[in-house]
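Note that the structure is a prediction, hence the values are computed from the model and not measured. Positions are given from 1 along the sequence.
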Amino acid sequence: MNQNKVALITGGTRGIGKAIATKFAKNGYDVVLNFLRSKTNAEKTKEELESHGIRVHLVKANVNDVDNIKDMFREIDATFGRLDVFINNAASGVLRPLMELEESHWDWTQDINAKAYFFAAQEAVKLMERVGGGAIVALSSLGSIRVLPNYVAVGVSKASLEAITRYLAVELASKNIVVNAVSGGAVDTDALKHFPNRQEMLESGANNPAGRLVEPEDIANVVYFLCTDNANMIRGQTIIVDGGLSLLCR
Ligand SMILES: NC(=O)c1ccc[n+]([C@@H]2O[C@H](COP(=O)([O-])OP(=O)(O)OC[C@H]3O[C@@H](n4cnc5c(N)ncnc54)[C@H](OP(=O)(O)O)[C@@H]3O)[C@@H](O)[C@H]2O)c1
């Protein structure tokens, strides 16, 4: 039986997911990195994280498909025999104004960002129960509580993710599983390349009371903290990491 604790990070091979995976690797966790498209990128990240002396297992799975999710957790069980942390980081979404959104766009976005979280959490719980508990953190964004251009489908999916977080936190508390979410201001990852107003987002994102853009590591530090004993009494919350941006009235 593996002795290190094990953390699963969906979409863990690039962007914010990679920063989170690195944080867990540096703290002695073995990590499972889920990815979908870029195998080369995944292999590169695996190699980088292995330099921290921990085990890294890659799982190619489309979280849009609940059968794929179940297979992913079967693979984790077969490889490590345990799971202590589940980070729901993978996300996608169609960025269009309200009147241009079609049913398929809506379903795609809700399925990857909200439905996948719910059904992956169910599977994670089955493994965490065996080790006496664990921690779950989901990644959200400010569009869950604020109205951003072209963001309606993603914003609603993230609001759903935050609501799921609250329900999981209460229903799983008796199993010693701590559940929270971390939301962020704009972070300069590949995700932002899909936004027509990328430059404006970066400029306004950096124009916060803290005076600089949020880095992937800023998010990773808070995600990691929420999985430590020091955060044991924080339950079902969405912690905003935006340098104070959302406090301003603009
Ligand atoms: N960037 C921001 O400004 C920002 C701000 C606040 C919150 N967030 C949240 O932080 C999280 C990470 O964001 P990011 O900017 O790092 O995103 P990103 O660079 O776009 O990366 C997205 C990740 O999700 C994976 N993914 C997408 N669809 C998938 C699917 N169907 N199945 C499995 N994996 C899938 C991708 O895998 P592949 O590499 O295989 O394609 C990739 O690893 C997201 O939840 C996002 O909403 C981001």
Side-chain angles (χ1 to χ4, degrees), residues 7 9-27 29 31 41 45 48-49 52 85 87-93 95 97 113 135-159 161-162 165-166 178-250:
I9 299 101
T10 60
T13 63
R14 62 188 171 100
I16 294 170
K18 181 178 172 183
I20 295 169
T22 305
K23 183 78 185 175
F24 279 94
K26 284 182 175 169
N27 281 279
Y29 277 74
V31 292
N41 184 59
T45 302
E48 274 175 46
L49 294 198
H52 297 291
V85 165
I87 310 299
N88 188 82
N89 170 79
S92 185
L95 298 167
N113 296 351
I136 297 175
V137 179
L139 275 292
S140 191
S141 62
L142 288 181
S144 66
I145 51 167
R146 300 180 72 167
V147 175
L148 310 177
N150 303 313
Y151 206 73
V152 57
V154 181
V156 172
S157 73
K158 294 296 193 183
L161 172 147
E162 291 177 15
T165 297
R166 290 187 283 274
V178 177
V179 189
N180 287 291
V182 172
S183 180
V187 183
D188 193 9
T189 64
D190 292 344
L192 254 65
K193 291 179 187 155
H194 304 291
F195 285 80
N197 57 337
R198 175 178 176 272
Q199 198 50 40
E200 187 194 323
M201 284 176 74
L202 290 174
E203 279 161 22
S204 67
N207 191 13
N208 60 39
R212 67 166 174 84
L213 202 61
V214 176
E215 299 290 337
E217 291 71 24
D218 295 315
I219 306 263
N221 288 338
V222 177
V223 169
Y224 181 76
F225 166 69
L226 290 172
C227 298
T228 64
D229 287 343
N230 288 338
N232 190 265
M233 289 304 281
I234 304 175
R235 305 286 177 116
Q237 302 301 308
T238 298
I239 311 294
I240 298 176
V241 182
D242 68 349
L245 181 76
S246 55
L247 300 175
L248 302 179
C249 187
R250 283 193 171 127

Using every non-hydrogen atom in the two residues, find where [X] and [Y] come nearest and quote the distance to one decimal.
X: Pro216; Y: Gly15; answer: CB-O, 4.4 Å
X: Ile239; Y: Val222; answer: CG2-CG1, 4.0 Å
X: Leu142; Y: Gly185; answer: CD1-CA, 4.1 Å
X: Gly243; Y: Pro209; answer: O-CD, 3.1 Å
X: Val31; Y: Ala25; answer: CG1-N, 4.3 Å
X: Ala21; Y: Gly12; answer: CB-O, 4.0 Å

To the nearest 0.5 Å, what is the distance between [atom1] on [X] and [atom2] on [Y]?
X: Leu139; Y: Leu161; atom1: CG; atom2: CG; result: 8.0 Å
X: Thr165; Y: Asn180; atom1: OG1; atom2: CG; result: 7.5 Å
X: Leu49; Y: Ile9; atom1: CG; atom2: CD1; result: 8.0 Å
X: Asn88; Y: Ile136; atom1: CG; atom2: CD1; result: 9.0 Å
X: Glu215; Y: Ile16; atom1: CD; atom2: CD1; result: 10.5 Å
X: Gln237; Y: Leu226; atom1: CD; atom2: CG; result: 10.0 Å

#### Entry: Asp188/Arg198 under side-chain contact (heavy atoms from CB on, under 4.5 Å): CA gap, chis, key distance, verdict
CA-CA 9 Å; Asp188 193 9; Arg198 175 178 176 272; 3.0 Å; yes
### Query
Are any side-chain N or O atoms of Thr10 and backbone N or O atoms of Asn89, one a donor and one an acceptor, separated by less than 3.5 Å?
yes
### Query
Side chain of Ser144, backbone of Lys158: donor and acceptor closer than 3.5 Å?
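It does not hold such a pair.
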### Message
I'd like to know if the side chain of Asn221 pairs up with that of Lys23 as donor and acceptor (distance under 3.5 Å, no hydrogens or angles considered).
### Response
yes
Looking at side-chain heavy atoms only, is the closest gap between [X] and [Y] below 4.5 Å?
X: Ile234; Y: Phe225; value: yes
X: Asp218; Y: Arg212; value: yes
X: Val178; Y: Asn232; value: yes

### Message
Surrounding CG of Asp229 (heavy atoms of other residues, nucleotides or ligands, distance under 6.0 Å), is the total greater than 12?
### Response
no
### Task
Answer yes or no: are there more than 12 heavy-atom neighbours, outside Glu200 itself, under 6.0 Å from its atom CD?
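12 or below, so no.
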### Task
Let me know which of Asp242, Leu247, Leu245 forms a side-chain contact (heavy atoms from CB on, under 4.5 Å) with Asn208.
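For Asn208, the side-chain contact (heavy atoms from CB on, under 4.5 Å) check succeeds only for Leu245.
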Considering only distance and modelled atom types, tabulate donor-acceptor pairs under 3.5 Å from the side chains of residues 145-154, sequence neighbours left out.
| from | atom 1 | to | atom 2 | distance (Å) |
| --- | --- | --- | --- | --- |
| Tyr151 | OH | Ser141 | OG | 2.6 |

### Task
Determine, stepwise, if the pair Asn207 / Leu248 fulfils side-chain contact (heavy atoms from CB on, under 4.5 Å).
CA-CA 10 Å; Asn207 191 13; Leu248 302 179; over 6 Å; no
#### Entry: Test side-chain contact (heavy atoms from CB on, under 4.5 Å) applied to Val182 and Val241, step by step
CA-CA 7 Å; Val182 172; Val241 182; 3.8 Å; yes
